[in-house]
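Below: the structure, in structure tokens.
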Amino acid sequence: MARKILTEHIHVPGIETFDVYRKQGGYTAVEKAIKSMSPEEVVEEAKKSGVRGRGGAGFPMGMKWGFLAKPEGVPRYLVCNADESEPGTFKDHYLMKTIPHLLIEGMIVSSFALGANKSFIYVRGELMYVIRILEKAIEEAKAKGFLGKNILGSGYDLELVVQPGGGAYICGEETALLESLEGKRGNPRNKPPFPAVKGLYQCPTVVNNVESISNMPWIVNNGGEAYAQIGIGRSTGTKLISASGHIQRPGVYEIELGLSVEEFMNSDEYCGGIRKGHHLKALVAGGSSVPILPANLIMKTANGEDRLMSYESLSDGGFASGTMLGSGGFIVFDETACIVKNTWNFSQFYHHESCGQCSPCREGTGWMEKVLHRIEHGHGSMHDVDLLVDITKKIEGNTICPLGDAASWPVASAIRHFRDEFVWHITHPSEATAPGAAYRGDMA
Ligand code: L3W
Ligand code: SF4
């Protein structure tokens, strides 16, 4: 069985309760950190672990903690980004609803490390039942002395607040999230200054994803070096993968980073292979925001090496022949999937979710959606394919936040790898618009 850090106890009946979680060794990291470690020592363990941000960017968490400004007399905040809304990503939701105390324990040790006395968990607003689960867990931890004033008699105080989001994808972008938490419209801010210097209420703030924070109890208990032994190269530890699409066993899986894509896709421990009678056509490895890969580049990189589930291997070859680990939203397409329709679908999402602050994103996402709509519906012209590529280039790198890039990459990569399919839609409109039509490489 593969190594489990986050999900080892997830199937224990009653694990959502304080008592059962505690019996499985829960809250020992809080005891260890608060009673026998300094905040700096906890930060040091996070740095040694090499754990990278699990929300999508993969930025080293210990390094981010090291950037936190500490001006005298100014409060610092830890904010957990639980606004998971990336299409194809549902792992934070799973973790919070099944083992809520893991996140609460992670929040306590992380807040202690950062010197925060008030911390927030900003949860996607649609997940009201998860918010109730978290609030119950917080009450239980408080009643046992692990939260609130003078935790375990140490003199350290921590208030933990669960804040529902308003249901906007953009509020998962860290600065939009902070704006929303302050009660304003969730518009991303220009960076720098980074939240580590000016974040919530203009105070130093660390924003970390649910899964990132949930690794901290294990790291405190076992040490950062032990964590760094797991995984491969700079992709240390394990990763939760949300697997969906045309596979036998969709679900959330914890993998050790470095597992081959082939094993993840075909093993019965994970996806269990493509659904019977069908074959692999394409893969999006890290949620809708990352480039799509065609079948011939999924198991092997362009250099013919085994493709691995790691930050480096998945993006090997850059956007020419790679995808990204991103938030771990592994979406599999078989030959019945229409790439044009899927690209149009993603495009509608980004257009809808653009906050509208920057023109390239506000206008460009709309144009892409319109052009893709007409190609998908049999009204496209040959000029449209290059027009789409041109729009993606005008958006990429020219916006305040990564949503612009996230809207561009799926379109640019779909055209790069499946240009024939776009052309077929334009040249064979009646066949392409027939119900259930999908291009199978049989262009006349
Ligand atoms: C201080 C510096 N802090 C960087 C911090 C920064 C942030 C983190 C990473 O985008 C990605 C995006 C989506 N001083 C710093 C510094 N930081 N330099 O490090 O920053 P960055 O800018 O690389 O990325 P980001 O803005 O966090 C996130 C991709 O994730 N994505 C989206 C997933 C969305 C969800 C969801 O459902 N909400 O999971 C999926 O792939 O495209 O590339 O904290 O402050 N010098
Ligand atoms: Fe808003 Fe898009 Fe600009 Fe991000 S890139 S700030 S979502 S308009």
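Owing to the predicted nature of the structure, the values given are computational and were not obtained by experimental measurement. Along the sequence shown, residues carry numbers from 1. First listed ligand is number 1; within each ligand, the first listed atom is number 1.
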Point to revise | side-chain contact (heavy atoms from CB on, under 4.5 Å) against Glu182, all qualifying residues, sequence neighbours excluded | key: Glu179, Lys184, Arg189, Leu200, Tyr201
Point to revise | By salt bridge (charged side-chain N to carboxylate O under 4.0 Å, His left out) - contacts of Glu262 (at least two apart) | key: none
Practice item. Measure up the Tyr21 and Tyr27 rings against each other and bin them: parallel (under 30°), tilted (30 to 60°), perpendicular (over 60°). Key: perpendicular
Exercise for review: Give the minimum heavy-atom separation between Met107 and Phe120, together with the two atoms involved.
Suggested key: CE-O, 3.5 Å
**Study point:** Distance-minimising heavy-atom pair for Thr365 and Ser354
**Key:** OG1-CB, 4.1 Å
Check your understanding: Under 6.0 Å from the CZ atom of Arg249, do we count more than 12 heavy atoms belonging to anything else shown?
Key -> yes
Practice item. Applying ring pair (Phe, Tyr, Trp, His ring centres under 6.0 Å), run through Trp344 and His377 and close with a yes or a no. Key: CA-CA 10 Å; Trp344 170 51; His377 291 86; 4.9 Å; yes
May I have the N/O to N/O pairs between ligand 1 and the protein that fall below 3.5 Å, each with atom names and distance to one decimal?
from	atom 1	to	atom 2	distance (Å)
ligand 1	26 (O)	Lys191	NZ	3.4
ligand 1	37 (O)	Ser85	N	2.5
ligand 1	37 (O)	Glu86	N	2.6
ligand 1	39 (O)	Gly55	O	3.0
ligand 1	44 (O)	Lys64	NZ	2.7
ligand 1	44 (O)	Glu174	OE1	2.6
ligand 1	44 (O)	Glu174	OE2	3.2
ligand 1	45 (O)	Glu174	OE1	3.4
ligand 1	45 (O)	Glu174	OE2	2.4

Point to revise | Partner of Tyr227 under side chain to side chain donor-acceptor pair (under 3.5 Å), chosen from Thr238, Asn215, Thr236, Asn222 | key: Asn215
Exercise for review: Check atom 2 (Fe) of ligand 2 and write out every protein N, O or S atom at under 2.8 Å, as residue and atom.
Suggested key: Cys361 SG
Exercise for review: Report the C-alpha distance between Ser111 and Arg76 in whole Å, list the side-chain angles of each, state the deciding distance to 0.1 Å, and finish with yes or no for side-chain hydrogen bond (donor to acceptor under 3.5 Å, both in side chains).
Suggested key: CA-CA 9 Å; Ser111 301; Arg76 285 167 236 152; over 6 Å; no
